[in-house]
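Position 1 is the first residue of the sequence, and the numbers go up from there. Worth knowing before you read on, the calculation uses all heavy atoms, side chains too, and leaves out hydrogens, waters and symmetry mates. Order of appearance sets the numbers: ligands from 1, and atoms from 1 within every ligand.
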Amino acid sequence: MITTEQKTGLALVTGAASGLGFELSLLLAKDGYDLVLADVDAEKLQQAKLEIAALYASDIQLIIKDLSKCNVAQQIYEALDGKAIDVLINNAGFGIYGSFNDTDWEREAAMLNLHVLTTTHLTKLVLNGMVARNRGKILNMSSLAAFQPGPLMSLYYASKAYILSFSEAIANELKGTGVSVTCLCPGQTNTCFQEVVANGASVSDNKINFNIACPKQVAKYGYEAMQKGKVVAIPGNINKFLSKLPRFLSRKTATAVIRKIQEKNRVCKT
Ligand SMILES: NC(=O)c1ccc[n+]([C@@H]2O[C@H](COP(=O)([O-])OP(=O)(O)OC[C@H]3O[C@@H](n4cnc5c(N)ncnc54)[C@H](OP(=O)(O)O)[C@@H]3O)[C@@H](O)[C@H]2O)c1
């Protein structure tokens, strides 16, 4: 175990049980933060806590909640019991593949609640205290999907565009307050996310099998960008180039290119 003499602060991470949220939690613990970890699956979150606690001396509080439910941000905020949050990472999310005409509304509404409402409300609740203390860091998880429309994953792309726009706007409003907002926009990353989108097919089943990033590297890139107060963080040169696609092509053509990529790439289990 690595002990940390000096505690750095308290960090709240959503979707911390796996993938990027788990990797970001490890980086926070390594830097001496105590953690509040929120996720939907109690067993997976407990396992994540054990793995972090085996390496680092952080105090770790767990909050088991479905973050797609109404008013869950308020419940999380109340569970903090007045503790000041120094870092907020709004990471929990999932994707849905399919033509909008065919996809399941209940699942889509849950995704929109999670990406849009919970992210926004939790930010609002935590931000107040950060501004009053003149310090704080917020990392919102968006995606490369934020930069143009995404046929066959229309609501996922639109919700990630919302997160990017919201984050850039409040980052500007918060200049001079000591609070920074960073929006991380990864491309394909090798986590459970890809299996959820593809209904159980693994990322190795994807037909476009290059430019799939390792979650540890993406988390490290995002974490360092957050610590520097960078507003938009896009890991990887190919992804940086792809984010500019709508500037080189018309928006209509960029949308058509994304449709081709989605059609060709995705292997979904039925
Ligand atoms: N992987 C990629 O290619 C990629 C690319 C760009 C952006 N992202 C974004 O990165 C973020 C993290 O995803 P990841 O790649 O690390 O995938 P992941 O391994 O599936 O991690 C997502 C975590 O969020 C949790 N979660 C999902 N829905 C939740 C809910 N309603 N309430 C509470 N927790 C919930 C998941 O729990 P369960 O597994 O138990 O549902 C899981 O622990 C997401 O916002 C995603 O959109 C991912």
Side-chain angles (χ1 to χ4, degrees), residues 12-26 36-49 51 62-73 75-76 89-97 106-119 122 139-147 150 153 155-164 167 183-204 206 208-209 211-219 221-223 232-236 238-239 242-243 261-262 265-266:
L12 167 57
V13 185
T14 70
S18 76
L20 294 168
F22 175 69
E23 295 299 339
L24 285 160
S25 304
L26 277 174
V36 180
L37 307 181
D39 209 302
V40 65
D41 184 322
E43 217 173 291
K44 267 173 63 184
L45 195 56
Q46 185 61 36
Q47 182 57 35
K49 174 178 175 173
E51 287 177 38
L62 301 185
I63 299 180
I64 318 294
K65 292 264 177 223
D66 180 344
L67 277 87
S68 70
K69 298 287 185 210
C70 263
N71 219 27
V72 73
Q75 294 164 16
I76 291 178
I89 301 189
N90 283 304
N91 161 76
F94 63 90
I96 298 168
Y97 179 83
E106 257 185 50
R107 197 154 160 71
E108 286 174 330
M111 186 188 72
L112 292 175
N113 277 341
L114 175 62
H115 293 184
V116 178
L117 290 184
T118 303
T119 298
L122 205 48
L139 178 66
N140 287 333
M141 187 63 77
S142 180
S143 164
L144 204 53
F147 295 91
M153 284 185 78
L155 295 188
Y156 179 78
Y157 276 58
S159 65
K160 291 297 181 178
Y162 169 87
I163 293 175
L164 176 61
S167 302
C183 188
L184 179 57
C185 303
Q188 281 201 99
T189 308
N190 194 359
T191 66
C192 301
F193 173 88
Q194 298 292 340
E195 287 173 39
V196 173
V197 175
N199 200 22
S202 86
V203 69
S204 55
N206 285 6
I208 300 175
N209 244 328
N211 195 34
I212 298 174
C214 148
K216 265 197 192 311
Q217 284 170 2
V218 172
Y221 182 89
Y223 183 77
V232 179
I234 304 169
I238 296 177
N239 293 334
L242 290 173
S243 74
I261 292 173
Q262 286 293 349
N265 184 27
R266 196 70 64 193

Evaluation steps, side chain to side chain donor-acceptor pair (under 3.5 Å), between E43 and Q47: CA-CA 6 Å; E43 217 173 291; Q47 182 57 35; over 6 Å; no
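Side chain of T118 to main chain of N113: a donor-acceptor pair is present (N/O by atom type, distance under 3.5 Å, no hydrogens or angles). Of the possible polar contacts, one joining the Y221 side chain to the I234 backbone as a donor-acceptor pair under 3.5 Å is found. Judged by distance alone, the side chain of H115 and the main-chain N or O of S68 form no donor-acceptor pair under 3.5 Å.
Residues V232 and C185 meet the side-chain proximity criterion, which asks for heavy atoms closer than 4.5 Å.
Every residue two or more places apart in sequence or in another chain was checked for a side-chain contact (heavy atoms from CB on, under 4.5 Å) with C70, and none qualifies.
Contact shell of ligand 1 (protein heavy atoms, cutoff 4.0 Å): G15, A17, S18, G19, L20, D39, V40, D41, K44, K65, D66, L67, S68, N91, A92, G93, F94, L114, M141, S142, S143, Y156, K160, P186, G187, Q188, T189, T191, C192, F193, Q194.
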